[in-house]
Amino acid sequence: MNGRDGNGPGHGIRNGNGNGRYYGEALMNELTQESPRTTGDGTLAPLGYDNSGLALTDICRSIAEVVRVGPSRPRRVRIALGAASVEVEWDGEAASAAGTAPAPHPSGPVAAGGAGTEALEGHRECAPLVGTFYAAPAPGAPPFVQPGDHVEEGQQLGIIEAMKLMNPLEATRAGRVVEVLVGDGEPVEYGEPLVLIDPDDTGAGGPDEEG
Amino acid sequence: MGIGTVLVANRGEIALRVMRTCREMGIRTVAVHSTADQDSSHVREADAAVCIGPGAPRKSYLSAPAVVEAALRSGADAVHPGYGFLSEDPDFAEICAENGLTFIGPRPEVLSQLGDKAVARSLMTDAGLPVLPGSPGTVDSAAEASDLAGRIGYPLIIKAAAGGGGRGMTVVRTPSDLLPAYRQTRATAQAVFGDNRVYMERYCDSARHIEVQVLADGHGTVLHLGERDCSVQRRHQKLIEESPGPGLHPQLRSAIARAAVRGARAIGYTGAGTFEFLVHDEGFSFMEMNCRIQVEHPVTEAVYGVDLVREQIRVASGEALRTTQEDLVPRGVAVECRVNAEDPERDFAPAPGTLEEFVPPGGPFVRVDTHGRAGWKVPPQYDSLLAKVICWAPERGEALDRMDRALAEFRIAGPGVHTTIPLLRDIIADPVFRAGKHITSFLDTRE
């Protein structure tokens, strides 16, 4: 399954163009760092928040979510905690190219996950069927998992909706979530990698072998 | 309404064949494929492709939800089912309609009626088509089977009501074989089609398989495109087909064609369909109807100059057929040979493998429909059909000479790869076949 060629023939849906995605991933990892202070710049202390670390984490998570469900990856994200200002800037051209329609035109940059993720090490939870991926149990609800979360085998990672039926996506291995590879509401193909997990069982590291 | 994007819910040569017509009509194409077909030609040729499941057909090409999901997310407005897989599944046709997708084929109700071979038989009897003596409906008990068998006479054939493609049928020659065969066929029908209902018919040893191509629109026009002779069969699987049927009396030919048109009209058929008949000493009898494009459709296209897939798409989008019956005049003779990845020496065992060499024939009046290509590994999960070679000529003898030349030219080689080409050339050289005197038992009794 993982043998699918990310740089295969130029067909719309499977034409995973990794550009931009990588930028988005890097950004999101940065935004969701475990310690909020590593992303702060000393302005936290003067504000005197007792729970400022938590607040920043929440904001970062919200932004990560906005970034995830947005029409495309943002070009720039600015956070100013002092005045509680958050600016997310999208590239107008990229946004209009990606579109926001529920059934995207397959010639658009849909369902990437080939080229951009091949290089990532870890265990990939792949789509067991063709459908729509949902990262959260309901619109607006917090996602099932986020990068950094530890998951147990059998824990729900997301939902794949096919023909109005909600099919749970469950972890087949315990480990730490490295990355959720597709955005909420994105169409996915059978076998497409959805969640990258760094397995606890280090003896069987590296990309999962599937038949 | 116009069709802008067609999802082809199939694989192999027929998927390519449908896409070619779509392309000529300016229609975008979407392929679906299993993981075993990542690298298949139909995936390469489509404008877009969606992986819908693992290699097992039940979880990919036979999965209605997966195919419909793929259609919805790829922006398709119509689905062409090809042949086999979901092509005659009324539920699939209905699910397509419920999701706003045009199913390129007849209405779900028609599929449902004709999919049950026992119902089809009784519908056609009502429409005035001749049928062989047989059970009025399904035969649901051993006692009923014995009772009916006495009236039908031997030999008789027990067929699965949900059957098709030459599977789920048993010929019974003596009364002592009846009950074991009845039980066996029911068990097979249950296992293969998930439906154990069977029906019985008189069996003809000495018959020709003649089928009529029909084309009907939603505006009351029903046309026929003549007949095809598919009598060269190996265990009910067709190997060589041709149009027109050699040596058919003109009166018989037109009577069969008229019967097909009458049958299609009676059930309100739309799209391309095929009525299968047996032609025997006493005349001809309706066997079953296929509600889809057939493997052997290119021979009809060659003699009538009609692109059947184009007509299917036009009819599905609500257009009226442009031709009249008078305009449809056959020219010459077309023959099709099925090149299967099978080993005739080893009882036709599938012989898939990597096609190290694959060079199809060319030249005048030779058409090759294939998804094969050099370097491609034939996946073992699917039908063994590798290529169809179709040759046309003004006369049958010339068409057969051309076919022999084309088959000789066809180079297919690879470790473990065997094809039916040597057998096909053997048949073409056979005096019985050359004379057009072959019947359905020709191949099975030849050795």
Side-chain angles (χ1 to χ4, degrees), chain A residues 1-17 98-114 118 124 126-134 159-167 182-183 185-194 208-211, chain B residues 4-9 19 28-77 91-92 94-96 98-101 373 377 379 381:
Chain A
M1 223 153 59
N2 286 335
R4 75 192 280 282
D5 45 341
N7 54 358
H11 297 309
I13 281 204
R14 67 204 302 275
N15 185 13
N17 161 2
T100 51
H105 201 268
S107 61
V110 202
E118 289 303 316
R124 293 190 193 89
C126 297
L129 73 174
V130 63
T132 303
F133 176 76
Y134 293 110
I159 292 171
I160 295 166
E161 182 198 342
M163 301 296 294
K164 302 181 184 82
L165 282 177
M166 301 296 174
N167 305 275
V182 293
E186 266 189 36
V188 294
E189 291 184 48
Y190 173 81
E192 186 173 332
L194 302 179
D208 191 35
E209 281 176 32
E210 287 173 75
Chain B
T5 300
V6 167
L7 178 135
V8 183
M19 288 173 191
R28 234 181 110 249
T29 56
V30 178
V32 291
H33 64 93
S34 72
T35 50
D37 269 331
Q38 311 262 30
D39 199 26
S40 286
S41 297
H42 76 284
V43 177
R44 295 186 163 199
E45 292 306 317
D47 293 317
V50 183
C51 181
I52 53 164
R58 203 149 288 285
K59 292 181 173 174
S60 46
Y61 298 108
L62 280 167
S63 167
V67 172
V68 171
E69 273 294 318
L72 294 176
R73 68 197 47 260
S74 56
D77 37 35
D91 294 333
F92 176 65
E94 211 171 315
I95 295 170
C96 284
E98 280 168 8
N99 285 278
L101 299 164
R373 60 172 201 272
K377 191 166 186 251
Q381 288 96 333

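Chain naming here is simple, since letters A, B, ... match the order of the sequence lines and numbering starts at 1 in each.
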**Q** Tell me, please, which residues at least two apart from A:Phe133 pass ring pair (Phe, Tyr, Trp, His ring centres under 6.0 Å).
**A** none
**Q** If you look at every heavy atom in A:Tyr190 and B:Ile52, which pair is closest and at what distance?
**A**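 Nearest heavy atoms, A:Tyr190 then B:Ile52: CB-C, 3.5 Å.
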**Q** Just jot down the side-chain contact (heavy atoms from CB on, under 4.5 Å) partners of B:Ala71, sequence neighbours excluded, or say none.
**A** B:Leu7, B:Ala76, B:Val79, B:Leu101
**Q** Testing the basics here: between A:Thr132 and B:Arg73, what is the closest heavy-atom pair and its distance to 0.1 Å?
**A**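 Looking at all heavy atoms of both residues, the shortest contact is OG1-NH2, 2.9 Å.
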**Q** Looking only at heavy atoms, what is the nearest atom pair of A:Met163 and B:Asn99, with distance?
**A**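 Result for this residue pair: CE-ND2, 3.5 Å.
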**Q** What residue, out of B:Ala31, B:Pro54, B:Ser34, has the most heavy-atom pairs lying under 4.5 Å from chain A?
**A**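 The answer is B:Pro54.
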**Q** Verify, without hydrogens or angle tests, whether B:Glu69 (side chain) and A:Val130 (backbone) share a donor-acceptor contact under 3.5 angstrom.
**A** no
